[in-house]
Amino acid sequence: MTFGFAPASAAASTSAASANRLLEPAEWAAAGIPLLRSPREVVSGLHARHHPQPATAVIAVLDPDERLRASASFVRRPAPADGWMFRNVLLAQLRRIIPHDLRRRTPVRTAVLLYCREGDARWTEEDGAWMWGLRDACTLHGLRCGAYITLTRDGWQVLGEDRGGRRPHSASAPEPFATSEAPPPQPRTGGAASEILRRAAAAR
């Protein structure tokens, strides 16, 4: 076995391949990514569960009714943005939190990615690398590729769509879970109506 430096041409081709492992906003929009019915509810729920800080990614799997089935958060390591590396990290997280759906002919569950970062909501090459990684990880795990959402100090933004909001943002405190995820309210006790029912039951 011989060790040595890779030729300049090989290094250049590797760099070019890495640069291609990202998706431009137009490519993402043309990919037919399914729209979230309630993006703010999804974002608020993930923010409340994971309270992400800058450089934190949250991968979540939703069922056809957009209910959360599994999620995980992790901190992005300081390294050049590379869609292939992001794909591997996302795939490892998906394998850890939920079984694959590769036996299905058509994906049923959808994976979405929320990434908290510095800067404003405009697309960056790092976002493009996350998009590439999310799409590829979903294919390898038998899931539909869902929305890519950024969380910055300006608020949240579903990239590729004209939808976003000011809260939550990267510095905000977690909000309460969505009503749909909260346990049903307990029946009230006491009061005049309860007293009438109690007396009626006692008279039987």
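With 3.5 Å as the limit, one finds a donor-acceptor pair spanning the side chains of H50 and S71. Using modelled atom types, one finds a donor on one side chain and an acceptor on the other under 3.5 Å when comparing Y148 with D127.
In this structure, the side chains of H169 and R153 stay at 4.5 Å or more apart for every pair of heavy atoms. Counting only heavy atoms from C-beta outward, the side chains of V42 and L114 never approach each other to under 4.5 Å. A heavy-atom distance below 4.5 Å is found between the side chains of H141 and I98. Side-chain contact between V43 and P168: present, with at least one pair of heavy atoms (C-beta onward) separated by less than 4.5 Å. Counting heavy atoms from C-beta on, the side chains of R144 and C138 never come closer than 4.5 Å. Between L22 and E24 there is a side-chain heavy-atom pair separated by less than 4.5 Å. Between V108 and P64 there is a side-chain heavy-atom pair separated by less than 4.5 Å. Residues R76 and R117 have side chains not in contact (no heavy-atom distance under 4.5 Å, counting atoms from C-beta outward).
Across P39 and V158, no two heavy atoms sit closer than the pair CB-CG2, 4.2 Å. Smallest separation of non-hydrogen atoms from S172 and H51: O-NE2, 3.2 Å. T110 and P34 get closest at one heavy-atom pair: CG2-CG, 4.4 Å.
Annotation: R122, atom CZ; neighbour count of heavy atoms from other residues, nucleotides and ligands within 6.0 Å does not exceed 12. By the 6.0 Å contact criterion, CD on E27 is enclosed, its count of non-hydrogen atoms from other residues, nucleotides or ligands being greater than 12.
L102 and L94 fall into different hydrophobic clusters, where Ile, Leu, Val, Met, Phe, Trp and Tyr are joined by side-chain heavy atoms under 4.5 Å apart, directly or via other members. Linking Ile, Leu, Val, Met, Phe, Trp and Tyr residues whenever their side-chain heavy atoms come within less than 4.5 Å places I97 and V89 in a single cluster. Placement of I33 and L143 within a single hydrophobic cluster is found when ILVMFWY residues are connected by side-chain heavy-atom separations under 4.5 Å, directly or transitively. Criterion: ILVMFWY side-chain heavy atoms under 4.5 Å apart, direct or through other members. Under it, W132 and L140 are not part of a common hydrophobic cluster. Under a hydrophobic clustering in which Ile, Leu, Val, Met, Phe, Trp and Tyr are joined whenever their side-chain heavy atoms come within less than 4.5 Å, directly or via other members, L68 and V112 fall into the same cluster.
How far CG of L134 is from OH of Y115: 14.0 Å, rounded to the nearest 0.5 Å. Here the CZ-CZ distance, from R67 to R69, works out to 5.0 Å after rounding to the nearest 0.5 Å. One finds the OG atom of S73 at 11.5 Å from the CZ atom of R49 (value rounded to the nearest 0.5 Å). Between atom OG1 of residue T106 and atom CG of residue D101 there is a gap of 11.0 Å, rounded to the nearest 0.5 Å. For the atom pair L159 CG and L23 CG, the distance stands at 11.5 Å (nearest 0.5 Å). Residue L113 holds its CG atom at 14.0 Å from CZ of R135, rounded to the nearest 0.5 Å.
Judged by distance alone, with hydrogens and angles left aside, the side-chain atoms of D63 form a donor-acceptor pair with the main-chain N or O of D65 at under 3.5 Å. In this structure, the side chain of Q157 does not engage the main chain of I149 through any donor-acceptor pair within 3.5 Å. A donor-acceptor pair under 3.5 Å links the side-chain atoms of R163 to the main chain of L36, judged by distance alone. Here the side chain of E161 pairs no donor or acceptor atom with the backbone of L35 at under 3.5 angstrom. Formation of a donor-acceptor pair under 3.5 Å by the S170 side chain with backbone atoms of L151 is not found in this model. A donor-acceptor contact shorter than 3.5 Å links the side chain of E66 to the backbone of R37. Distance alone, capped at 3.5 Å, is enough to place a donor-acceptor pair between the W156 side chain and the R167 backbone.
Ring geometry for F74 versus W130: interplanar angle of 30 to 60°, hence tilted.
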